[in-house]
J.: 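Before I ask anything, let me first share the structure, which is written out below as structure tokens.
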2 protein chains.
Amino acid sequence: MNTKARAIEEKICPLEFAVNAISGKWKIPIVWQINQGHKRPSEMLKGIMKVDRRVLNQQLKELEQDGVLYKVNYNELPPKVEYHLTSLGEQLVEVLWKLNAWGETLLKQKETNK
Amino acid sequence: MNTKARAIEEKICPLEFAVNAISGKWKIPIVWQINQGHKRPSEMLKGIMKVDRRVLNQQLKELEQDGVLYKVNYNELPPKVEYHLTSLGEQLVEVLWKLNAWGETLLKQKETNK
DNA sequence: CATAAAAGTGACTTTTTTATCCCTATGGGG
DNA sequence: CCCCATAGGGATAAAAAAGTCACTTTTATG
């Protein structure tokens with residue numbers, strides 16, 4: 001049995017798992033921002049993301065727990081921390097590029113159907 | 001400027017667009033189910049998805065509006081309709097396989113960290 | 001004549017997710 | 001001294017999403 005057939009028999013679990021990990025309004029934007037080099041929370045907030053600190057922290061924590069990010073605490077004052085992509089996080093970015101490409105197709109189609 | 005760099009300058013729009021289109025608890029499961037041949041709402045409900053008819057219809061409608069699905073109404077009685085994947089929907093399935101593969105990696109890692 | 005099958009929706013409730021506000025801690029600049 | 005930046009969390013409010021229930025339509029079946 002090939003991979004696809006097996007996955008279907010096993011009732012979509014890995015996909016469900018993946019979706020759970022990236023569900024959250026700001027999770028994909030966060031991963032995207034970090035991938036662009038905005039690793040400090042304060043940097044992310046100065047960027048395009050209009051998200052509250054509280055909420056940002058929640059989502060960062062979940063991404064960390066899922067192994068997508070890891071945190072580096074410099075133990076300085078004023079505080080300085082950085083969030084980096086793990087290997088898993090970098091693999092996610094590759095998937096996000098595919099999704100981005102699909103989004104481009106989606107946009108093109110919307111324009112066509114105007 | 002290459003595609004990636006341009007996308008970054010344009011502030012992630014296509015990705016945001018894509019995420020919007022698939023956001024919804026049952027949208028990915030629906031696309032998945034249809035891809036497996038369960039095209040009628042009643043079939044989907046008999047499957048693994050414990051979703052209410054009301055909610056199923058809402059999400060089907062949105063997927064249809066976004067051009068991921070198209071609906072075939074047989075105009076029979078009792079009613080018979082089918083939802084099929086559009087070309088865009090089939091392209092989405094390809095992305096979902098990538099996401100599924102990422103989910104497998106995620107699962108493996110969870111098991112390792114037990 | 002009651003019931004089932006099938007797709008669909010309006011009105012409403014519950015649950016989940018996000019957002020807001022205020023608090024902590026610490027050292028430096030004015 | 002007071003305020004700033006910086007990261008973080010508790011309590012709570014608001015918004016969004018999902019779920020529930022009751023109803024419709026039409027034909028066939030018992």
Side-chain angles (χ1 to χ4, degrees), chain A residues 12 15-34 37-66 68-85 89, chain B residues 12 15-34 37-66 68-85 89:
Chain A
I12 328 159
L15 180 56
E16 198 181 328
F17 224 76
V19 170
N20 274 347
I22 61 174
S23 285
K25 187 169 175 179
W26 301 102
K27 286 191 183 172
I28 289 177
I30 287 169
V31 168
W32 210 245
Q33 288 265 306
I34 291 176
H38 303 125
K39 304 192 188 304
R40 300 184 65 185
S42 51
E43 287 174 332
M44 300 180 202
L45 293 168
K46 281 172 193 158
I48 51 177
M49 301 198 303
K50 282 173 188 168
V51 57
D52 185 78
R53 272 307 302 270
R54 185 65 161 74
V55 179
L56 178 62
N57 282 343
Q58 282 174 344
Q59 312 243 327
L60 283 170
K61 188 184 282 180
E62 287 178 22
L63 286 168
E64 202 191 343
Q65 284 169 348
D66 283 326
V68 176
L69 310 178
Y70 66 93
K71 180 175 169 180
V72 178
N73 192 334
Y74 286 85
N75 289 310
E76 296 177 0
L77 278 166
K80 178 177 178 184
V81 300
E82 282 182 358
Y83 290 89
H84 296 255
L85 294 178
Chain B
I12 328 161
L15 179 56
E16 198 182 327
F17 224 75
V19 170
N20 275 348
I22 60 173
S23 286
K25 187 168 174 180
W26 300 102
K27 286 190 184 172
I28 289 176
I30 286 169
V31 169
W32 211 245
Q33 288 264 307
I34 291 176
H38 303 127
K39 303 192 189 306
R40 300 183 65 184
S42 52
E43 287 174 332
M44 298 180 203
L45 292 168
K46 281 173 196 158
I48 52 176
M49 300 199 304
K50 283 173 187 167
V51 57
D52 186 78
R53 273 305 302 270
R54 183 68 161 73
V55 179
L56 179 62
N57 282 343
Q58 281 175 347
Q59 311 243 326
L60 283 169
K61 189 183 280 178
E62 287 178 24
L63 286 168
E64 201 191 344
Q65 285 170 348
D66 283 327
V68 177
L69 309 178
Y70 67 94
K71 180 174 167 178
V72 178
N73 192 334
Y74 286 84
N75 290 309
E76 296 177 0
L77 278 166
K80 178 176 176 183
V81 301
E82 283 182 358
Y83 291 89
H84 296 255
L85 294 178

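What you see is a predicted model; the values in this text were computed from it and never measured. Here is the naming used below: chain letters follow the sequence lines, and residue numbers restart at 1 for every chain.
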J.: Can you tell me the distance, in whole Å, between the CG atom of B:N57 and the P atom of D:dA18?
T.: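 About 14 Å, once rounded to whole Å.
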
J.: First locate atom CD1 of A:I22, then atom CD1 of A:I30, and finally report the distance between them rounded to the nearest 0.5 Å.
T.: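 Reported to 0.5 Å precision, the distance equals 12.5 Å.
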
J.: Would you kindly give the CD-to-C1' distance between B:E76 and C:dA4, to the nearest whole Å?
T.: 17 Å

J.: Side-chain N or O of B:K71 less than 4.0 angstrom from OP1 or OP2 on C:dG8?
T.: yes

J.: How long is the gap from CZ on A:R53 to CG on A:N57, to the nearest 0.5 Å?
T.: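 Between A:R53 CZ and A:N57 CG, I get 4.5 Å after rounding to 0.5 Å.
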
J.: Would you say a side-chain N or O of A:K80 is under 4.0 Å from OP1 or OP2 of D:dA5?
T.: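 For D:dA5, OP1/OP2 do not have a side-chain N/O of A:K80 under 4.0 Å.
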
J.: Name all pairs fulfilling the side chain to side chain donor-acceptor pair (under 3.5 Å) condition that reach into residues 73-83 of chain A, sequence neighbours left out, sorted by first residue then second.
T.: A:Y74-A:E82, A:E82-A:H84

J.: Round to the nearest Å and state the distance from A:E43 atom CD to D:dT6 atom C1'.
T.: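 Rounding to the nearest Å, CD of A:E43 and C1' of D:dT6 are 12 Å apart.
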
J.: Figure out the NZ/C1' separation between A:K61 and D:dG10, and round it to whole Å.
T.: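 My rounded result for the distance is 11 Å.
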
J.: Report the distance from atom CG of B:N73 to atom P of C:dA6, rounded to the nearest whole Å.
T.: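 In whole Å, C:dA6 P and B:N73 CG are 15 Å from each other.
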
J.: Give, for atom CD of B:Q33 and atom CZ of B:R40, the distance between the pair rounded to the nearest 0.5 Å.
T.: 14.5 Å

J.: Are any of B:K27's side-chain N or O atoms less than 4.0 Å away from OP1 or OP2 of D:dA17?
T.: no

J.: Can you tell me the distance, in whole Å, between the CG atom of A:L56 and the C1' atom of D:dT6?
T.: 13 Å

J.: Within the structure shown, what part of the strands sits under 4.0 Å from A:Y83 by heavy-atom distance: base, sugar-phosphate, or nothing?
T.: sugar-phosphate

J.: To check you understand the geometry: which heavy-atom pair defines the closest contact between B:G37 and B:E43, and what is its length?
T.: O-OE1, 3.9 Å

J.: From B:K39 NZ over to B:K71 NZ, what is the distance, rounded to the nearest 0.5 angstrom?
T.: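 So the gap between those two atoms works out to 16.0 Å.
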
J.: Specify the separation, in whole Å, of atom CD of A:E64 and atom P of D:dA7.
T.: 14 Å

J.: Find every protein N or O atom lying less than 3.5 Å from an N or O atom of nucleotides 15-21 of chain C, and list the pairs.
T.:
| residue | atom | partner | partner atom | Å |
| --- | --- | --- | --- | --- |
| C:dT18 | OP1 | A:K25 | N | 2.6 |
| C:dT18 | OP2 | A:Q59 | NE2 | 3.3 |
| C:dA19 | OP1 | A:K25 | NZ | 2.9 |
| C:dA19 | OP2 | A:W26 | NE1 | 2.8 |

J.: I want to verify a distance call: between D:dG8, C:dA6, C:dT9, whose nearest atom is closest to the B:S42 side chain?
T.: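 Output: C:dA6.
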
J.: Would you check if the side chain of B:D66 reaches a backbone N or O of B:V68 as a donor-acceptor pair within less than 3.5 Å?
T.: no

J.: How sharply is the helix from C:dC1-D:dG30 to C:dG30-D:dC1 bent, taking the axes over five pairs at either end and rounding to 10 degrees?
T.: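 Answer for the end axes of this duplex: 30°.
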
J.: Taking CG from A:L60 and C1' from D:dG8, how many angstroms apart are they, rounded to a whole number?
T.: 11 Å

J.: Can you give me every donor-acceptor pair (side chain of residues 58-65 of chain A, partner residue at least two apart or in another chain, under 3.5 Å) with its distance?
T.:
| residue | atom | partner | partner atom | Å |
| --- | --- | --- | --- | --- |
| A:Q59 | OE1 | A:W26 | N | 3.2 |
| A:Q59 | OE1 | A:K27 | N | 3.3 |
| A:E62 | OE1 | A:K27 | NZ | 2.6 |

J.: Starting from the C-alpha separation in whole Å, work towards a yes-or-no answer on side-chain contact (heavy atoms from CB on, under 4.5 Å) for B:V81 and B:V72.
T.: CA-CA 5 Å; B:V81 301; B:V72 178; over 6 Å; no

J.: List the atom of B:L56, the atom of B:V51, and the distance in Å for their closest heavy-atom pair.
T.: N-CG2, 3.9 Å

J.: List, with names and distances, any nitrogen or oxygen atoms from the protein found under 3.5 Å away from nitrogen or oxygen atoms belonging to nucleotides 24-30 of chain D.
T.:
none

J.: Do B:E16 and A:I28 make a side-chain contact, defined as non-hydrogen atoms from C-beta onward lying under 4.5 Å apart?
T.: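 Heavy-atom side-chain distance check fails, nothing below 4.5 Å.
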
